[in-house]
Amino acid sequence: MIKKQRVTKETNISLELEIYGSGNSDISTGVGFFDHMLNALAKHSLMDIKLHCKGDLYIDDHHSVEDCGIVLGQALKEALYPLGSVERYGNSVVVMDEAAVECALDLSNRTFLIYKSKMKPKIGNFDSELVEEFFRALAMNANITLHIIKQRGSNSHHIAEATFKAFAVAFRRAVAKNDRVGIPSTKGVL
């Protein structure tokens, strides 16, 4: 179990994370749609995530969403590296009705993000551009290479939810235990 706390003038976040969990979640960020997405991430990754955030929502949701990505990424980095006896690579395509989103990732200990997904500006009151901000913060702080590409879709709620679920499934596959792999790199270290 990894525990993290992040307190700034913009947010106060506490996190408990178990990457080999059961998909349980206890999420409270004050941003309803984001809570829904994080619950889906926990469920489909099989990570146990307890995340509480009190943020400056009177400004907007940006600081809370981005900072949650930072904290979750930091916890993932601590849980993952040095990497060994796991698959390392994961990918998935998740469909939700008309939407299909692909996620491919490498637990490389190197940071990179490709994000190609256009959505309408708002999902209810939620700024859809914050989906990219969350995954950028997560990838940068977890030191993972992450590619997220919308294949098709018109409903922004479906696209966003397929994005979080695609990441969850790809991550679950990447951290799958495989003792035969040892250090999954020709360099001998990640």
Side-chain angles (χ1 to χ4, degrees), residues 15 17 19-51 53 60-62 64-73 75-76 80 86-108 111-142 144-176:
L15 170 69
L17 174 71
I19 64 171
Y20 295 106
S22 302
N24 296 317
S25 60
D26 175 2
I27 309 288
S28 176
T29 68
V31 183
F33 182 76
F34 186 49
D35 289 358
H36 179 48
M37 296 299 100
L38 292 176
N39 282 311
L41 191 160
K43 174 68 176 173
H44 294 283
S45 67
L46 297 178
M47 290 190 283
D48 293 339
I49 302 174
K50 181 177 181 181
L51 185 139
C53 173
D60 69 6
D61 299 343
H62 187 108
S64 293
V65 172
E66 183 179 29
D67 287 8
C68 286
I70 289 169
V71 172
L72 186 56
L76 289 174
L80 291 170
V86 298
E87 287 296 328
R88 176 180 167 181
Y89 302 101
N91 68 303
S92 73
V93 176
V94 168
V95 297
M96 289 200 61
D97 297 337
E98 87 300 344
V101 177
E102 176 184 8
C103 177
L105 61 85
D106 176 8
L107 305 177
S108 59
T111 299
F112 206 87
L113 175 67
I114 299 289
Y115 183 90
K116 295 183 179 180
S117 182
K118 299 253 187 222
M119 289 181 263
K120 293 175 186 139
K122 290 282 194 182
I123 304 166
N125 294 324
F126 184 80
D127 294 325
S128 64
E129 67 187 9
L130 295 180
V131 175
E132 181 176 4
E133 291 301 320
F134 171 78
F135 282 107
R136 176 176 293 109
L138 186 146
M140 298 298 170
N141 286 276
I144 62 174
T145 300
L146 179 59
H147 292 221
I148 295 172
I149 299 170
K150 179 184 89 172
Q151 294 181 345
R152 64 192 147 275
S154 55
N155 181 297
S156 295
H157 186 125
H158 295 164
I159 295 164
E161 191 163 344
T163 300
F164 277 82
K165 289 178 177 178
F167 171 80
V169 173
F171 184 82
R172 184 182 77 218
R173 291 173 177 169
V175 297

Q) Do the ring planes of Phe135 and Phe164 sit parallel (below 30°), tilted (30 to 60°) or perpendicular (above 60°)? A)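 Plane angle between 30° and 60°, so tilted.
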Q) Angle class for the His157/His36 ring planes (parallel below 30°, perpendicular above 60°, tilted otherwise)? A)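 Aromatic pair His157/His36 classed tilted.
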Return the set of residues passing side chain to side chain contact (heavy atoms under 4.5 Å, CB included) with [X] (not counting sequence neighbours), or none when no residue passes.
{"X": "Ile149", "value": "Lys116"}
{"X": "Val95", "value": "Ala100"}
{"X": "Ala75", "value": "Ile2, Lys4, Leu15, Leu17"}
{"X": "Asn24", "value": "Ser22, Asp48"}

Q) Going through the checks in order, is the side-chain contact (heavy atoms from CB on, under 4.5 Å) test met by Phe171 and Leu76? A) CA-CA 11 Å; Phe171 184 82; Leu76 289 174; 3.7 Å; yes
Heavy-atom closest contact ([X] atom, [Y] atom, distance):
{"X": "Ala139", "Y": "Phe112", "result": "CB-O, 4.3 Å"}
{"X": "Val93", "Y": "Gln151", "result": "CG1-OE1, 3.7 Å"}
{"X": "Arg173", "Y": "Gly90", "result": "CB-CA, 4.2 Å"}
{"X": "Cys68", "Y": "Cys53", "result": "SG-CB, 3.8 Å"}
{"X": "Ala168", "Y": "Ala40", "result": "CB-O, 4.5 Å"}
{"X": "Ala99", "Y": "His158", "result": "CB-CB, 3.8 Å"}

Among all residues two or more places apart in sequence or in another chain, which pass the side chain to side chain donor-acceptor pair (under 3.5 Å) test with [X]?
{"X": "Ser154", "result": "none"}
{"X": "His44", "result": "none"}
{"X": "Glu132", "result": "Arg136"}
{"X": "Asp26", "result": "His52"}

Separation between [atom1] of [X] and [atom2] of [Y], rounded to the nearest 0.5 Å:
{"X": "Lys120", "Y": "Asn155", "atom1": "NZ", "atom2": "CG", "value": "6.5 Å"}
{"X": "Ile49", "Y": "Leu51", "atom1": "CD1", "atom2": "CG", "value": "7.5 Å"}
{"X": "Ser25", "Y": "Lys50", "atom1": "OG", "atom2": "NZ", "value": "12.0 Å"}
{"X": "Leu138", "Y": "Leu72", "atom1": "CG", "atom2": "CG", "value": "5.0 Å"}
{"X": "Thr29", "Y": "Asp67", "atom1": "OG1", "atom2": "CG", "value": "11.5 Å"}
{"X": "Asn125", "Y": "Asp60", "atom1": "CG", "atom2": "CG", "value": "12.0 Å"}

**Q.** Leu80 side chain near Val86 side chain, heavy-atom distance below 4.5 Å
**A.**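 No, every pair of side-chain atoms sits at 4.5 Å or beyond.
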Q.
Less than 4.5 Å apart, side chain to side chain, heavy atoms only: is that true for Phe126 and Val65?
A. yes
**Q.** Side chain Ser45, main chain Arg172, donor-acceptor under 3.5 Å
**A.**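 Answer holds: no.
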Q | Tyr20 side-chain N/O to Val175 backbone N/O, donor-acceptor pair under 3.5 Å | A |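 Side chain of Tyr20 to backbone of Val175: a pair is present.
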Q: Quick one: do Val101 and Val94 satisfy side-chain contact (heavy atoms from CB on, under 4.5 Å)? Show the steps, please.
A: CA-CA 6 Å; Val101 177; Val94 168; 5.8 Å; no
Q: With side-chain contact (heavy atoms from CB on, under 4.5 Å) as the test, would you mind laying out the steps for Leu38 and Phe134 before giving the verdict?
A: CA-CA 11 Å; Leu38 292 176; Phe134 171 78; 3.8 Å; yes
Q: Name all pairs fulfilling the salt bridge (charged side-chain N to carboxylate O under 4.0 Å, His left out) condition that reach into residues 148-169, sequence neighbours left out, sorted by first residue then second.
A: Glu161-Lys165
Q: With sequence neighbours excluded, give me every salt bridge (charged side-chain N to carboxylate O under 4.0 Å, His left out) pair touching residues 27-37.
A: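 For residues 27-37, and leaving out neighbouring residues, there are no salt bridge (charged side-chain N to carboxylate O under 4.0 Å, His left out) pairs at all.
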Q | Donor-acceptor side-chain pairing of Ser108 and Thr145 below 3.5 angstrom | A | yes
Q) With sequence neighbours excluded, what pairs up with Asp106 under the salt bridge (Lys or Arg N to Asp or Glu O under 4.0 Å) test? A)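 Per chain and number, Asp106 pairs via salt bridge (Lys or Arg N to Asp or Glu O under 4.0 Å) with Arg88.
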Q | Set of residues satisfying salt bridge (Lys or Arg N to Asp or Glu O under 4.0 Å) with respect to Asp127, sequence neighbours excluded | A | Lys122
